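Keep in mind that what you see is a predicted model, and the values were worked out from it rather than measured. One is the number of the first residue; the rest follow in order along the sequence.
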Amino acid sequence: MKNIRRGLYIILLISTCPIFSLSLFCQSGQNKKDAKPYNPIMIKLNEEGDQYVRFVLWHQMWLTSSNLSDGSKLQWTPSIRRSRILGYGQLSSRFLILTHFGLNNLSPANQTSLGNNGDGAQFFLHGAWCELMVTDFLYVGMGIHYWNGLTRLSSASTLNFMTLDQARPWAHWHTLGVTDQFGRHLGVYAKGQVGKFDYRLAVNSPGRNPLDEGRHYGSFISPLAYIGASQSDRNGGQRGNYIYQGYMRFNFWDQESTKLPFQVGSYLGKKKVLGVGTGFFIHPGGMYNIVTGDHSGVVHYALDAYLEYPFASGDMFHFYSSFIRFNYG
């Protein structure tokens with residue numbers, strides 16, 4: 001019991017350190033007279049500053065232990081949960097280009113001799129899209145993007161969390177590695193804001209990686225498998241070619257930015273936010289019956305609410321809740 005209690009204290013400490021350190025960083029300008037303000041890594045392309053290239057770099061380091069059976073032999077394991085480089089350029093008042101690449105889950109167990117052999121963690125493309133402003137409330141873009149539908153956390157930022165990591169289970173990243181590349185799809189999207197209302201809509205093409213065809217979700221009790229895009233129908237025609245998704249939200253108080261798709265985990269009391277949203281994810285013909293050869297559709301929809309209420313003391317109240325209905329055919 002003593003070892004379990006020690007383990008829980010360690011987990012609590014590691015879980016809260018990122019939030020405490022981020023809070024102290026954000027408040028450092030108030031506590032130290034000589035503290036330098038945070039300045040983004042930005043190259044201005046004109047004197048007005050509305051044309052620029054900006055870079056964002058971040059690492060998320062973990063120090064964990066799962067050896068809780070013997071407190072005298074407690075072992076620590078360092079790892080790099082995430083290492084990312086993101087750059088985007090507002091090259092004109094109407095055109096934006098973005099590139100995002102990085103690495104996930106590098107640990108002593110999957111390091112390789114040269115960093116590019118075996119099944120080790122490697123850098124890969126997380127996002128690459130171009131975006132054009134059509135009107136003040138309509139932007140369209142194309143590429144491998146993160147403008148996901150269904151819920152707020154389907155496009156969660158990895159720069160800030162309420163706790164240590166993304167919500168478990170992967171309910172919000174519901175197609176992770178099945179039809180997408182680590183939560184991103186290749187496709188076309190539209191997004192914008194009208195007053196307190198904002199939206200994002202996308203039409204995507206699902207991935208057809210044959211390595212994923214072994215993922216027969218529910219096959220122990222059902223012949224359905226989420227491999228419809230790679231399976232022809234009885235007439236030899238292709239099915240499951242398109243995915244339709246979207247998320248719409250109303251902001252009652254402060255407006256949240258839709259410059260980039262990443263949804264903030266916490267503003268640490270800097271904003272007063274109440275956003276209520278609804279979203280959907282539709283993949284016609286996405287499911288395949290391995291017994292009958294029939295296709296069926298995937299249809300999900302959700303409602304969610306996000307609240308952050310700051311107090312004059314510097315404290316805040318934070319709340320997020322979602323209702324999701326999944327239908328895999």
Side-chain angles (χ1 to χ4, degrees), residues 22 25-30 35-59 82 84-102 125-149 152 154-160 183-203 246-275 277 306 308 310:
L22 187 55
F25 174 80
C26 292
Q27 296 172 5
S28 62
Q30 300 174 2
K36 302 296 184 182
Y38 167 75
N39 291 313
I41 307 171
M42 184 179 296
I43 302 172
K44 294 183 179 181
L45 303 180
N46 63 358
E47 293 182 358
E48 292 78 11
D50 56 359
Q51 293 177 227
Y52 57 87
V53 177
R54 182 179 178 184
F55 299 96
V56 184
L57 315 174
W58 70 101
H59 304 301
R82 293 179 176 88
R84 304 288 182 81
I85 301 174
L86 184 148
Y88 64 95
Q90 188 69 57
L91 303 184
S92 75
S93 60
R94 301 173 66 88
F95 184 74
L96 178 141
I97 184 171
L98 180 144
T99 302
H100 176 198
F101 58 95
L125 191 65
H126 283 70
W129 66 81
C130 297
E131 181 180 286
L132 177 69
M133 183 183 78
V134 180
T135 68
D136 290 340
F137 53 84
L138 174 61
Y139 295 74
V140 295
M142 180 179 176
I144 181 166
H145 66 85
Y146 196 47
W147 295 98
N148 291 330
R152 177 190 186 87
S154 296
S155 299
S157 168
T158 60
L159 274 171
N160 45 67
R184 283 79 171 171
H185 284 96
L186 271 168
V188 179
Y189 68 86
K191 56 103 171 183
Q193 291 180 323
V194 182
K196 294 285 188 177
F197 173 81
D198 63 64
Y199 68 94
R200 57 184 71 192
L201 303 168
V203 180
Y247 180 71
M248 290 72 68
R249 173 180 57 195
F250 189 83
N251 295 277
F252 288 89
W253 297 329
D254 291 347
Q255 188 81 26
E256 294 193 78
S257 172
T258 58
K259 178 79 173 184
L260 300 179
F262 312 107
Q263 297 291 279
V264 170
S266 174
Y267 292 101
L268 297 176
K270 290 188 174 182
K271 279 193 174 187
K272 181 181 176 183
V273 177
L274 175 58
Y306 170 81
E308 181 160 324

Next item on the list: For the residue pair Trp129 and Pro261, establish whether any side-chain heavy-atom pair is separated by less than 4.5 Å.
Entry: yes
Item checked: Donor-acceptor under 3.5 Å (Ser155 side chain, Asn148 main chain) -> yes
Margin query: Looking at Gln255, is its backbone amide N or carbonyl O close enough to the side chain of Lys196 to form a donor-acceptor pair, meaning the two atoms are under 3.5 Å apart?
Written below: no
Next item on the list: Could you list the residues that satisfy ring pair (Phe, Tyr, Trp, His ring centres under 6.0 Å) with Tyr306, not counting sequence neighbours?
Entry: His318
Margin query: Could you report the tightest heavy-atom contact between Phe137 and Val194, atom names first, then the distance?
Written below: CB-CG2, 3.7 Å
Margin query: Whether the side chain of Ser154 engages the backbone of Gly149 through a donor-acceptor N/O pair (distance < 3.5 Å, no angle test) should be reported.
Written below: yes
Check: Between Ile144 and Leu186, which heavy-atom pair has the shortest distance, and what is it?
Finding: N-CD2, 3.7 Å
Notebook entry, point to check: With Asn46, which residues qualify under side chain to side chain contact (heavy atoms under 4.5 Å, CB included), at least two apart?
Noted result: Glu48, Asp50, Gln51
Item checked: Where Trp147 and Thr258 come nearest, the two heavy atoms and their spacing -> CH2-O, 3.2 Å
Next item on the list: Output all residues satisfying side chain to side chain contact (heavy atoms under 4.5 Å, CB included) with Lys271, sequence neighbours left out; order by chain, then residue number.
Entry: Asp254, Tyr267, Val273
Item checked: Side chain Arg54, main chain Tyr88, donor-acceptor under 3.5 Å -> no
Check: Where is the tightest heavy-atom contact between Tyr146 and Gly183, given as atom of each residue plus distance?
Finding: CD1-O, 3.6 Å
Note to self: Taking ring pair (Phe, Tyr, Trp, His ring centres under 6.0 Å) as the definition, give me every residue that meets it alongside Phe252, ordered by chain and number, with sequence neighbours left out.
What the structure shows: Phe250
Notebook entry, point to check: Donor-acceptor pair, Gln193 side chain versus Glu256 backbone, under 3.5 Å?
Noted result: yes
Check: Would a 4.5 Å heavy-atom cut-off, applied to side chains only, mark Leu201 and Met248 as touching?
Finding: yes
Check: So Tyr189 and His145, would you call those rings parallel, tilted or perpendicular, with 30° and 60° as cut-offs?
Finding: tilted
Check: So do the side chains of Val53 and Leu45 get within less than 4.5 Å of each other, counting heavy atoms only?
Finding: yes
Next item on the list: With side-chain contact (heavy atoms from CB on, under 4.5 Å) as the test, would you mind laying out the steps for Leu98 and Leu86 before giving the verdict?
Entry: CA-CA 8 Å; Leu98 180 144; Leu86 184 148; 4.2 Å; yes
Notebook entry, point to check: Shortest non-hydrogen contact from Ala128 to Leu125?
Noted result: CB-CD2, 4.0 Å
Checklist line | Under the salt bridge (Lys or Arg N to Asp or Glu O under 4.0 Å) test, residues paired with Glu131 that sit two or more places apart | finding: Lys191
Check: Hey, does the side chain of Asn160 reach the backbone of Val264 with a donor-acceptor pair shorter than 3.5 angstrom?
Finding: no
Next item on the list: Flag yes if more than 12 heavy atoms outside Met142 fall under 6.0 Å of its CE atom; otherwise flag no.
Entry: no
Item checked: Spacing of OG1 belonging to Thr158 relative to NE2 belonging to His100, to within rounding of 0.5 Å -> 6.0 Å
Notebook entry, point to check: Can you name the salt bridge (Lys or Arg N to Asp or Glu O under 4.0 Å) partners of Arg184, sequence neighbours left out?
Noted result: none
Next item on the list: Would you mind reporting whether His126 and Arg82 have side-chain heavy atoms less than 4.5 Å apart?
Entry: no
Note to self: Can you give me the closest heavy-atom contact between Pro310 and Gly269, atom names plus distance?
What the structure shows: CB-O, 3.3 Å
Next item on the list: May I ask you to test the Leu138-Tyr199 pair for a side-chain heavy-atom distance under 4.5 Å?
Entry: yes
Check: Can you tell me how far the CG atom of Leu132 sits from the CD1 atom of Ile97, to the nearest 0.5 Å?
Finding: 12.5 Å
